[in-house]
*Asks:* 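Pasting a structure here, questions to come.
Heavy atoms only: backbone and side chains are in, while hydrogens, waters and symmetry mates are out. Just so it is clear, the structure is predicted and the values come from calculations on it, not from any experiment.
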Amino acid sequence: MHANSLSLALTFAGLAMVSVAQAAPKAAPNVAAGRTIFQNNCASCHTVDAALAPLAGPGLFGVVGRKAAGVAGFNYSAALAKAGAAGTNWTRAELDVFLLDPAKRVPGTTMPVGLPDATMRGALIDYLASLQGAATAPVAAQASAQPATRSGSWTENQPGKLYHIKPTDLAAPFATDSAGNSARVQARPNGTLPTVMPGFAVSVFAQDADKPRVALRAPNGDVFLAATGAGAIKVLRSKNGKKADSAGVFATGLARPYGMAFWPSGANPQYLYVAGVNSVVRIPYRNGDLTARGEPEIIVAELSETSGGHTTRTLAFSKDDRTLLLSIGSATNVAADIGRTPPAPLAQWEQQHGLGAAWGVETDRATVMAFDPDGKHRRTFATGLRNCVGLLVLPATGDVMCNVNERDALGDNLPPDYLTRVKQGGFYGWPWYYIGDNEDPRLAGHRPDLKGKTIVPDVLLQAHSAPLGMVAYHAPKGAASAFPKEYEGDVFVALHGSWNRGVRTGYKVVRVFMKNGVPTGQYQDFMSGMVVSDRDVWGRPAAVEVARDGALLVVDDAGGTLWRVAPKR
């Protein structure tokens, strides 16, 4: 029941828009089973503790029978707030209809997956219905906690501003209260454009009501888009590179498509690979195809036993095209309920799953996995990456890189999100450690054997920025809109924006500086201006891609806009 970490403008509140056509299952209550289903699928976005602030989605204590938009202080959309004011209540029947297929019942919802199994839905609803009664008093803040500060927040964003966060700069755990501060997305003010670096201009390349999340350039210049909520891959074509002239649907009926990659690399790929929420398919493709020439072939039928939690799977192929790399984010925030020991002896477990690999609902989660191109020979590439998104293989060096959305609820400025090279066999700390040997206080003493074994990431980003897609900038040969030479080889990263911060941060595109193929640790604001106030935003960068003419394309999955940024001529 989790959207991408961190973008839930609609969640259960979307039930206000549902027209109920069937009743919920009438099976005997199964609260224990429902609690497990909740923990495996919902807990990373929703709390059921009435004493805690909302997470990325509204709290679900007392949701059955509650008025729509009924959680005080949660940033519901204007439409959902209106539905609540009209007196809509969440009922068992409404929950059942919504959970069956969220996107079908509530077009536009960011709920990533439904529960097609009626027994599971009934058990989950039984559990939610059991969470009734008077709310307890809020938990007192820790004595050391301070109010949220504006340092590092959206009001400081300015194209050209430089950042260099170092491991020695980390805040203390719980230095501030943990916030539930989801953004309320509003329509883009008429004529408003993002702000970009001096010397560049920004324009609209395309609009798409399905609000795609990922972009990929084909060898001939077509731009493929993953319309995750619609279960479709779309394709754009442009004659002059400045604006899409045609838009079509390449493939439909996919299960939350997200990451995409062509194989083999070069001018004549044979397949488009697509990662869904819990499988990988490949679709026959020849350069220039606007529709799929064959049905999707399932090459990895199941990525993990759990599909809740983070769902943004990304794909990349090794430089020699022999290895398919796939990121699988964690099922929970910090694996607090998996217990202290794995189901097999620790050495045996790590030999099979990798150093520091978690277990239980987190088995083979928070990882980068590797496969042969046919989906066989599955093995663990790296572990301890809470939610690796934007997986990238650097063309020059072959190094594997990813952005990581780090854990929540340690305070406004801890821990930093990050970008890093991913070493084969490497362990990056989650859930027991972060940014080196910093132990998560919620799991103190659980894995002392891992101290000294955590790799410190290359580039630390402002905590809770939510980095998603990234691309290494290389201007195609003869590109008419090529960036200045100093940008060549640097990496652009889309920061989707915070929810677990008192004053929001992110909602911009940054440039990560590289030197000889290695990140320097510095990054710079490149595109911003999508935040209206501490409460409202009109855009959320989700992905970046380099167009055939050298322009930078930025996917905004809140406004359904594909922006084009190019040097002024």
*Asks:* Do the side chains of D534 and R150 get close enough for a salt bridge, i.e. N-O under 4.0 angstrom?
*Replies:*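 Between R150 and D534 there is a salt bridge, with a charged N closer than 4.0 Å to a carboxylate O.
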*Asks:* Determine, for E350 against K453, whether the closest basic-nitrogen to carboxylate-oxygen distance falls under 4.0 angstrom.
*Replies:*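 The answer is no: the pair does not qualify as a salt bridge.
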*Asks:* Should L450 and L355 count as side-chain neighbours, where that means a heavy-atom distance under 4.5 Å?
*Replies:*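 When only atoms from C-beta onward are counted, L355 and L450 do touch, with a gap below 4.5 Å.
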*Asks:* Sequence neighbours excluded, which residues qualify as side-chain contact (heavy atoms from CB on, under 4.5 Å) partners of D458?
*Replies:*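 Partners of D458 by the side-chain contact (heavy atoms from CB on, under 4.5 Å) criterion, ordered by chain and then number, come out as T420, R421, P519.
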*Asks:* Is any side-chain heavy atom of V555 less than 4.5 Å from a side-chain heavy atom of V544?
*Replies:*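 Side-chain contact under 4.5 Å: no.
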*Asks:* Do the side chains of R504 and D412 get close enough for a salt bridge, i.e. N-O under 4.0 angstrom?
*Replies:*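 Judged by the 4.0 Å cut-off on N to carboxylate O distance, R504 and D412 do not form a salt bridge.
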*Asks:* Show the nearest heavy-atom pair for residues R213 and A543, with the distance to one decimal.
*Replies:*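 Scanning both residues, the minimum pair turns out to be O-CB, 3.3 Å.
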*Asks:* Could you tell me whether the side chain of D208 and the main chain of G560 form a donor-acceptor pair under 3.5 Å?
*Replies:*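 Side chain of D208 to backbone of G560: no pair is present.
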*Asks:* Taking G429's backbone N and O only, do any of them form a donor-acceptor pair with R386's side chain (distance below 3.5 Å, no angle check)?
*Replies:*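 Between the backbone of G429 and the side chain of R386 there is no qualifying donor-acceptor contact (under 3.5 Å).
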*Asks:* Does E305 CD have over 12 foreign heavy atoms under 6.0 Å away?
*Replies:*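 Counting neighbours around CD of E305, 12 or fewer heavy atoms of other residues, nucleotides or ligands fall under 6.0 Å, so no.
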*Asks:* Indicate yes or no for a side-chain donor-acceptor contact from R407 to the backbone of D440 under 3.5 Å, with no hydrogens or angles considered.
*Replies:*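 The answer is no, because no donor-acceptor pair under 3.5 Å joins these two groups.
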*Asks:* Could you tell me whether K211 and D556 have a side-chain N and a carboxylate O separated by less than 4.0 Å?
*Replies:*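 A salt bridge is absent here (no side-chain N lies under 4.0 Å from a carboxylate O).
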*Asks:* Dump the intermediate steps for side-chain contact (heavy atoms from CB on, under 4.5 Å) on N403 and L468, then the final yes or no.
*Replies:* CA-CA 6 Å; N403 294 315; L468 296 184; 5.9 Å; no
*Asks:* Taking only Lys NZ, Arg NE, NH1 and NH2, and the carboxylate oxygens of Asp or Glu, determine whether R540 and D557 approach each other closer than 4.0 Å.
*Replies:*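 Judged by the 4.0 Å cut-off on N to carboxylate O distance, R540 and D557 do not form a salt bridge.
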